[in-house]
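First comes the structure, then the notes that go with it.
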Amino acid sequence: MRLTSLRSSAVYSNHQWTDQFDFLAVQGCNSGVVILAFCWFYIRKYQSRQESEAVSTITAICALAIALITTALLPVDIFLVSFMKNPNGTYKVWAESNETRGQIEDTVLYGYYTLYSIILFCVFLWIPFVYFYYEEKDDQTKCSQVGNALKYTVGFVIVCVVLLLIGAFVPLDPPPSTNSTQWEKVQYLFEELGSSHGLPALSFSISSLTLIGMLAVITYTAYGMSVLPLNLIKGTRSVAYELLENTDEIEDVEQQIEKLKAKCKDGRPLSSRDRRSLQTLEGKLQVLQRRGRHLEIAERNCCTKVGSALRPFKIMLGVFFIIVALVFIVSLFISNLDKALHSAGISSGFIIFGTNLTNPLNELLLVLQPVFPLDYILITVITVYFVLTSMAGIRNMGIWFFWIRLYKIRPKKTRPQALLFLCMILLLIVLHTSYVIYSLAPQYVMYGSQKYLAEVRPPLEPSIPSLPAVCFLPLCVPDQCVVTRSYLFLHKFWFFSTIYYFGNWVFIGVFLVGLVVSCCRGKKSVIEGEVEADDSDMSDDEYCDHI
């Protein structure tokens, strides 16, 4: 009877696991379709109709989709390790076997291998090749275009190969014997590479790219987290008022131009200073006239009227975003403070196993754990929010190289090169997202909602059952808790973790500065970024034709 009951329980658990796996598969397919649709809409919204090209458009859409799909892997990783255990700390029947758990862990690990390898391919080969291919298209044949693009791309490939080799053949642990021959040392390196399935090589390459992603997060995401909600709350200026203001400026500039031209009515030439002033005023007048045309289109556009009607919803959304941003920053500050007080310091990468200070985000995730799938929904929302604020920061700031602005991100006017840069930056930001979320909720990202049976009973009272406790690495028994595969990638090399730790402090500082700047700025124009002095009349007319 008991055997029949156990078999029935095992069959039920297997069915439960199958149902959950099928649910994840269906949701993954649906999410993939939604992500592709969003990427197509986003790229088509910002790309220049005049300079668009099929190859660069497809590359940008695919790269952006890969970035968003990669963000969905962390919640799935946390869910799988959590779903192996019961709330009482025991393994479910289907997960009692080490082989079964190993298969699931390997599946997730191969998922990381695949997506991270695709990211390396995009960053070091695909996107650079398409970028240089587009740059070399003027007055050249297709063969010479491809040849020149490959020539420049080889440099990126060499960097990628060097990073992989460093990660693969620089062991984290010394060889077992100091008296080993050179061949034995080389053999040891290859054995280490094979036993780890290439994890150190890929982890070192990804961590190196994550350092660049950290700079992008500090530059764009920190600012986007402040500018996005405040722009929603403040809204845009009135179109009618902007039209009236623009008309007054046009009249004022025209009067100044007439005064300068009046000086040469008697046939005398203008001085060099007056000619420069006249040229500046005429350029300003062209910009104001184009601005007036855009404002008139915006006044007639139904989207502007719908946006005005949705103003209360935008305010509520902005308030929600600013609350999320503040919770985000407070949690990050507490986590960093916890590392500063309770970690082993720089030599350990400031790694702590759990939380010693009350972290609001980590506590919220633990509270939501009993109700499936609220905690996974929250971690997914945080990840998506991080990506959306990054996109908002890039859109508002443009693409910079130190103090030089390379490209602008504007609706229907963004050059293909700028879109490729944008997607590459987002790929790098996504790599750093996993570490930021780990910083926000380290215990949850390591173990999810897992519990284990803690041995708290006295030795002389064996009848007292063990109590379930939350997985906490220094305390839990080996094989009682399963670590997420993401954690293996994040902390393979301690010195990267040290750099990320100090980067988090800089991130907090940049966010606070961006918040002050965003609060001091007034409302943005309803045609923000659509009209610039360096735009050509052709691109302006082409833009107006598509409205």
Side-chain angles (χ1 to χ4, degrees), residues 30-31 34-35 37-39 41-42 45-46 68 71-72 75 217 220-242 298-299 301-333 359-365 367-368 371 373-397 409 411 429 433 436-437 440-441 507-508 510-530:
N30 294 336
S31 301
V34 172
I35 286 173
F38 171 79
C39 294
F41 174 79
Y42 186 85
K45 176 183 177 182
Y46 284 96
L68 296 179
T71 61
V217 166
Y220 297 111
T221 310
Y223 178 67
M225 286 176 60
S226 61
V227 72
L228 177 62
L230 289 178
N231 282 345
L232 288 172
I233 294 172
K234 291 188 291 186
T236 58
R237 301 174 63 191
S238 168
V239 181
Y241 179 79
E242 282 197 77
E299 189 177 33
N301 197 341
C302 61
C303 293
T304 305
K305 299 176 182 178
V306 172
S308 300
L310 295 176
R311 182 85 185 96
F313 174 76
K314 289 183 177 180
I315 293 176
M316 290 189 294
L317 189 62
V319 172
F320 171 75
F321 279 170
I322 198 66
I323 291 174
V324 172
L326 293 176
V327 172
F328 195 101
I329 293 299
V330 170
S331 299
L332 189 60
F333 174 80
N359 187 322
L361 190 56
N362 195 76
E363 295 299 320
L364 179 59
L365 286 167
V367 169
L368 295 178
V371 185
L374 291 183
D375 53 336
Y376 307 109
I377 292 175
L378 178 59
I379 202 73
T380 303
V381 168
I382 293 171
T383 305
V384 173
Y385 171 79
F386 199 76
V387 174
L388 291 179
T389 52
S390 302
M391 297 169 73
I394 298 173
R395 187 174 62 250
N396 282 273
M397 294 181 62
I409 307 297
I429 287 175
T433 301
V436 173
I437 295 178
L440 294 171
F507 177 86
I508 294 172
V510 172
F511 168 80
L512 295 176
V513 173
L515 188 64
V516 173
V517 172
S518 300
C519 289
C520 295
R521 284 185 174 178
K523 295 182 178 180
K524 67 175 184 178
S525 172
V526 72
I527 57 169
E528 184 75 22
E530 292 181 9

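Computed from a predicted structure; not experimentally measured. Residue indices begin at 1 and follow the sequence shown.
Using a 4.5 Å heavy-atom threshold, the side chains of Val387 and Ile429 count as separate.
Going from atom CZ of Phe511 over to atom CD1 of Ile329 covers 5.0 Å, rounded to the nearest 0.5 Å. Rounding to the nearest 0.5 angstrom, the gap separating the CG atom in Leu317 from the CD1 atom in Ile322 is 11.5 Å. Rounding to the nearest 0.5 Å gives a distance of 11.5 Å between CE of Met225 and OG of Ser518. Atom CZ of Arg311 is separated from atom CD1 of Ile233 by 9.0 Å, given to the nearest 0.5 angstrom. Distance check, rounded to the nearest 0.5 Å: CG of Leu326 to CZ of Phe321 gives 13.5 Å.
Not a single side-chain contact (heavy atoms from CB on, under 4.5 Å) links Val34 to another residue, sequence neighbours left out. With sequence neighbours left out, the side-chain contact (heavy atoms from CB on, under 4.5 Å) criterion links Val510 to Ile218, Ala222, Val506. Not a single ring pair (Phe, Tyr, Trp, His ring centres under 6.0 Å) links Tyr220 to another residue, sequence neighbours left out. Partners of Val517 by side-chain contact (heavy atoms from CB on, under 4.5 Å), not counting sequence neighbours, listed by chain and number: Val513, Arg521. Every residue two or more places apart in sequence or in another chain that forms a side-chain contact (heavy atoms from CB on, under 4.5 Å) with Val327 is listed here: Ile323, Ser331. Residues passing the ring pair (Phe, Tyr, Trp, His ring centres under 6.0 Å) test with Phe41: none are found, sequence neighbours excluded. Taking the side-chain hydrogen bond (donor to acceptor under 3.5 Å, both in side chains) definition, one finds that Thr221 meets it with Ser390, sequence neighbours left out. Under the rule for a side-chain hydrogen bond (donor to acceptor under 3.5 Å, both in side chains), the partners of Tyr46 that lie at least two apart in sequence or sit in another chain are Arg395.
Looking at every heavy atom in both residues, Gly318 comes nearest to Leu232 through CA-CB, 3.8 Å. The minimum heavy-atom distance between Leu361 and Leu378, with the atom names listed, is CD1-CD2, 4.5 Å. Contact record, Pro360 with Val330: CG-CG1, 4.2 Å, taken as the closest heavy-atom pair.
Of the possible polar contacts, one joining the Ser226 side chain to the Tyr223 backbone as a donor-acceptor pair under 3.5 Å is found.
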Query - Derivation and outcome, side chain to side chain contact (heavy atoms under 4.5 Å, CB included), residues Asn396 and Asn231 - result: CA-CA 11 Å; Asn396 282 273; Asn231 282 345; 3.8 Å; yes
Report task. May I have the step-by-step check of side chain to side chain contact (heavy atoms under 4.5 Å, CB included) for Leu230 and Leu515, ending in yes or no? Result -> CA-CA 9 Å; Leu230 289 178; Leu515 188 64; 3.9 Å; yes
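Note: Phe328 and Phe386 have parallel aromatic rings, judged against thresholds of 30 and 60 degrees for the angle between ring planes.
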